[in-house]
There are 2 protein chains.
Amino acid sequence: MEQVKLSQSLEDYLEMVHMLRLANGIARVRDIAAALKVKMPSVAKAVIELKKLGLVTQEPYSGIELTSEGALVASQILNRHILLKSFLIKLGVSEAIADKDACCMEHILSAETLEKIEDFVNTPNESAKKPNAAKSKKK
Amino acid sequence: MEQVKLSQSLEDYLEMVHMLRLANGIARVRDIAAALKVKMPSVAKAVIELKKLGLVTQEPYSGIELTSEGALVASQILNRHILLKSFLIKLGVSEAIADKDACCMEHILSAETLEKIEDFVNTPNESAKKPNAAKSKKK
DNA sequence: TTCGTAGATTAGCCTTTACTAATTAGCCGA
DNA sequence: TCGGCTAATTAGTAAAGGCTAATCTACGAA
């Protein structure tokens, strides 16, 4: 399991391929560009890189597919995104901002921080504190 | 009040100038490079940019000084860093990782998210919840 | 005073990642 | 079938930010 080390930018592209396939069944260059607010040639170039890394495949002039490894990596990123968004919303951040900030945070946080955030999100709202006295029972 | 828009990298350099001056009284290229784990020419290039932006001054071959605006911006960044580090520590993250992750987060989070994080940090540990019933303090 | 060295700087290169402009491929309607 | 449009690609440019190598400056020791 050689974890591929992706740049933030490539992580964004890969994640978007995954999201568009979930939403529309197909990930096209046009839609990736629109969603990420870049131009199509930027997407094309990123797709070439992701192909080199074995994370996506593509028939010329058609939609982008994920390899099994690509699907794995993409869903890890997407899960981080979802976790972070819930986290920010739990802190009181508005949905739109939570989505935007989750999108930046998902690329940079260490595993340890992500774990702690997960603990926080999974803690019932009432007793969200006391990391030491915590897990006895939900009252 | 024209907020200068700095890249993450330049924010890091400016913040480090400030930190080294607080710690040692002087910010030298050598020490900035060591602290940020880059080589000296990278620092020199960044300092040129910060000079162009009117945030630092420097006598040739000597330490880097902050202009008043540079000091203002630098302390804003440092404050964000301190806030985020406390926040992560409150979540249970270890100090070293909190410091490292705060360093990334400080450049990307929106004002709204920073506000909510500040609220969270300032909330006593026992009743850290209920964002609606919580406080009526106007900032 | 002179020299050696550490720190600072300059020059030039490389990678990443975006862009515009121009070209190519696929497809639909007349 | 033939245009013509849209999507995709290719080619070439630019900026950011890092690096190495080479050079310059300042300063302390001999």
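Within every chain, numbering begins at 1; the chains are lettered A, B, ... in the order of the sequence lines, protein sequences first and strands thereafter. Remember, predicted model here, so these are calculated numbers, not experimental data. Reckoned from all heavy atoms, side chains included, excluding hydrogens, waters and symmetry mates.
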Base, sugar-phosphate alone, or nothing: which one does B/Ser62 contact when heavy atoms must sit under 4.0 Å apart? nothing

When the distance from CG of A/Leu14 to P of C/dT17 is rounded to whole Å, what number comes out? 13 Å

Do B/Leu14 and B/Ile82 sit in one hydrophobic cluster, given that two such residues count as connected whenever their side-chain heavy atoms are within less than 4.5 Å of each other, even indirectly? yes

What is the distance, to the nearest angstrom, from the NZ atom on B/Lys5 to the C1' atom on D/dA16? 14 Å

Between A/Tyr61 and A/Ala46, name the one whose nearest nucleotide on DNA chain C is closer to the 5' end. A/Ala46

Between B/Arg80 and B/Glu11, is there a salt bridge with N-O shorter than 4.0 Å? yes

B/Met40 has an atom CE; how far is it from atom C1' of D/dA21, in whole Å? 13 Å

Minimum side-chain heavy-atom gap B/Cys104-A/Leu109 below 4.5 Å: no

To the nearest angstrom, how far is B/Gln8 atom CD from D/dG18 atom P? 11 Å

Rounded to whole Å, please give me the gap between NZ in B/Lys39 and P in C/dT10. 20 Å

For A/Lys37 and C/dA18, what is the distance between atoms NZ and P respectively, to the nearest whole Å? 14 Å

Take the protein atom NZ of A/Lys45 and the nucleotide atom P of C/dT20, then report the distance between them rounded to whole Å. 13 Å

Using a heavy-atom cut-off of under 4.0 Å over every strand shown, decide if A/Gln58 touches base, sugar-phosphate, or nothing. sugar-phosphate

Any B/Leu20 side-chain heavy atom under 4.5 Å of B/Ile26 side chain: no

Looking across every strand, which nucleic acid part, if any, lies under 4.0 Å from A/Ser42 by heavy atom: base, sugar-phosphate, or nothing? base

Among the nucleotides D/dG17, D/dG18, D/dT20, which one has an atom lying closest to any side-chain atom of B/Pro41? D/dT20

Whole Å only: how far is the CG atom of A/Leu36 from the P atom of C/dT17? 13 Å

